[in-house]
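Residue numbers begin at 1 in each chain, while the letters A, B, ... track the order of the sequences. Owing to the predicted nature of the structure, the values given are computational and were not obtained by experimental measurement.
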2 protein chains.
Amino acid sequence: MPAASPPSPVPQLAEMLCFSVYAANHALTRVYKPLLEPLGLTYPQYLVMLSLWGEDGQTVGRIGDQLFLESSTVTPLLKRLEAAGLVSRARDQADERVVRVRLTEQGRALRDKAASIPECILQATGLELDAALRLRDEMGRLRDSLAARDED
Amino acid sequence: MPAASPPSPVPQLAEMLCFSVYAANHALTRVYKPLLEPLGLTYPQYLVMLSLWGEDGQTVGRIGDQLFLESSTVTPLLKRLEAAGLVSRARDQADERVVRVRLTEQGRALRDKAASIPECILQATGLELDAALRLRDEMGRLRDSLAARDED
DNA sequence: CGCGGATTGATCGCGCACGATCTATCTTGT
DNA sequence: ACAAGATAGATCGTGCGCGATCAATCCGCG
C-alpha cells in the first residue's frame with residue numbers, strides 16, 4: 001500500500017501522547033481492581049483513603065484539591081466510603097460550611113491490608129524503582145503544564 | 001515536624017506514579033474540552049473519530065480494540081455519534097453479527113475542523129516534540145506491561 | 001446590627017467505563 | 001444437516017467525573 005493517500009494530517013491513535021496517557025491510566029485501574037476488590041475499594045476510593053491515611057480529618061475541599069477533583073465528584077465518593085463504614089463526615093463546629101472527613105477505626109485498620117499494594121503495582125509496571133520515579137516526575141510536570149494552560 | 005511519626009508505609013499521593021498518570025489524564029481531558037466543544041465532541045468521541053478518520057468502516061469490536069475499551073462502552077458512544085449525524089451504524093451483510101461504523105459526509109468534514117487540535121495540545125504540554133514522543137513511547141510501554149500482567 | 005458578596009458542600013443531569021448477562025448469528029464437528 | 005460452542009454487539013446496573021446550580025454559612029463594610 002502507498003505511504004499516505006492524501007497528505008493526511010490525521011495523527012494515528014498510537015502516535016498520540018494523550019492517547020497513551022489515557023490508555024495507560026485505564027490499564028492501571030484494571031491492574032488495581034483485583035488488588036482493591038478484597039478491600040472493598042475502587043481505585044478513586046483508594047486514592048481518597050491514601051490521602052486520609054496521610055492526613056486524617058481533612059475537609060472535603062482539601063481532599064478535592066489533593067486529588068484535583070470537584071466537589072461534585074468527591075461528595076458522592078465520600079458518601080460511599082461512609083456507607084462502607086470507613087470514614088465519618090461531620091460539619092466543623094467552628095465553621096459550619098466545612099465538612100470534616102475522619103477515618104473510622106475500620107478505615108484506619110484497612111491501611112495495613114493495603115500496605116502490599118504499591119509493591120504489586122510497581123512490579124506490574126515492569127519498571128525499576130528509579131525509572132518509575134523519573135516517569136512519575138515527568139507526568140507530574142506534564143500535569144502542571146496542562147493545568148497552567150487551563151487558566152485563561 | 002519529625003520526618004515520619006511511625007515508620008509510615010503509606011505513600012503520599014504525590015509520590016505515586018499511578019496517581020500522576022491519573023491526574024495527568026484528567027488534566028489532558030480538561031485541556032481538550034474547550035477545543036472539542038466547538039466540534040460537539042467529547043474526548044472519547046474524538047478518539048473514536050480519530051480512529052475512523054484513519055480507517056473508515058471499522059467494526060465496533062475493532063474500534064474497541066484500538067481504544068482498549070469494552071463493547072459496553074463503545075456501543076453507547078457510537079450511538080451518540082450517530083445521533084449527532086457523524087457516523088452510521090449498519091450490520092455487515094456478509095456477517096450479520098458484525099456492525100460496521102462508517103463516517104457520514106458530516107463526519108468526514110469534521111476532520112478539517114479538528115486539524116489544528118494536536119498542535120494546540122502539544123503546545124499546552126509545554127514539551128518539545130521529541131520529548132513528547134519519548135514520553136508517549138514510555139507510556140505505551142507502561143500500558144503494555146500492565147496489560148500483560150493482566151492475563152492471569 | 002444587618003445587608004451583600006464570598007466560600008463551602010451538595011445536588012442534578014449527562015457522558016464515560018466496566019463486569020455480567022443476553023440475543024443473534026456464525027462455525028465446527030459429526 | 002444439525003446440535004454445540006464460539007463470536008459480536010447490545011443491555012443493565014454501578015461508580016466515577018464534570019459543569020451548572022443551589023443552599024447554608026461566614027465575613028466585611030457601612
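Applying the salt bridge (Lys or Arg N to Asp or Glu O under 4.0 Å) test between B:Asp56 and each of B:Arg111, B:Arg102, B:Arg108 identifies B:Arg108 as the sole match.
When rounded to the nearest whole Å, the span between CG of A:Asp92 and C1' of D:dT25 equals 12 Å. Between the CD atom of A:Glu70 and the P atom of C:dC14 there is a distance of 19 Å, rounded to whole Å. Here the P atom of nucleotide D:dC16 and the CG atom of B:Asn25 are 16 Å apart, to the nearest Å. Put simply, CD on B:Gln58 is 15 Å from C1' on D:dA8, counting in whole angstrom units. In this structure, A:Glu96 atom CD and C:dA10 atom P are separated by 13 Å, rounded to whole Å. In this structure, CG of A:Leu36 is placed 11 Å from P of D:dC16, rounded to the nearest angstrom. Atom-to-atom, CG of A:Leu78 to P of C:dT8 comes out at 16 Å; the value is rounded to the nearest Å. In this entry the distance linking NE2 of A:His26 with P of C:dA17 reads 4 Å, nearest Å.
Close to D:dA8, at under 4.0 Å from its OP1 or OP2, lies no side-chain N or O of B:Thr59. Contact annotation: A:Arg97 does not reach the phosphate of D:dC27 (side-chain N/O to OP1 or OP2, under 4.0 Å). An OP1 or OP2 oxygen of C:dA17 is reached within less than 4.0 angstrom by no side-chain nitrogen or oxygen of B:Thr73. An OP1 or OP2 oxygen of D:dG9 is reached within less than 4.0 angstrom by no side-chain nitrogen or oxygen of B:Ser71. Within the structure, every side-chain polar atom (N or O) of B:Thr75 is placed at least 4.0 Å from both OP1 and OP2 of D:dT11. Look at A:Lys79 and you'll find a side-chain N or O under 4.0 angstrom from OP1 or OP2 of C:dT11. Phosphate contact (OP1/OP2 of D:dG15, side-chain N/O of A:Tyr43, threshold under 4.0 Å): absent. Regarding contacts with the backbone of D:dG15, every side-chain N or O of A:Tyr46 stays at 4.0 angstrom or more from both OP1 and OP2.
Looking at heavy atoms from C-beta onward, A:Arg136 lies out of side-chain contact with B:Met16 at the 4.5 angstrom threshold. Contact annotation: the side chain of A:Met139 never approaches that of B:Phe19 to less than 4.5 Å [non-hydrogen atoms, C-beta and beyond].
Ion pairing between B:Arg100 and B:Asp92 holds under the 4.0 Å rule for side-chain N and carboxylate O.
Counting only heavy atoms from C-beta on, B:Gln45 has its side chain closest to C:dG15 among C:dG15, D:dC16, D:dG19. Checked against C:dA17, C:dA10, D:dC18, the side chain of A:Arg91 finds its nearest nucleotide in C:dA10.
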Exercise for the section: Kindly determine whether B:Glu138 and A:Arg134 satisfy salt bridge (Lys or Arg N to Asp or Glu O under 4.0 Å), including the steps that lead there. Expected result: CA-CA 11 Å; B:Glu138 290 190 82; A:Arg134 202 177 37 69; 3.3 Å; yes

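The nearest heavy atom of DNA chain D to A:Ala94 and to A:Phe68 marks one nucleotide each, and the one closer to the 5' end goes with A:Phe68. Nearest-nucleotide assignment on DNA chain C puts the 5′-proximal partner with B:Thr42, out of B:Gln93 and B:Thr42. Residues A:Val99 and A:Tyr22 both approach DNA chain C. Their nearest nucleotides, taken by heavy-atom distance, put A:Val99 toward the 5′ side.
There is a side-chain donor-acceptor pair under 3.5 Å between A:Gln58 and A:Ser51.
The residue B:Arg100 sits apart from the nucleic acid: no heavy atom pair falls under 4.0 Å.
For A:Ser72 and D:dG17, a side-chain-to-base donor-acceptor distance below 3.5 Å is absent, hydrogens and geometry of angles not being considered.
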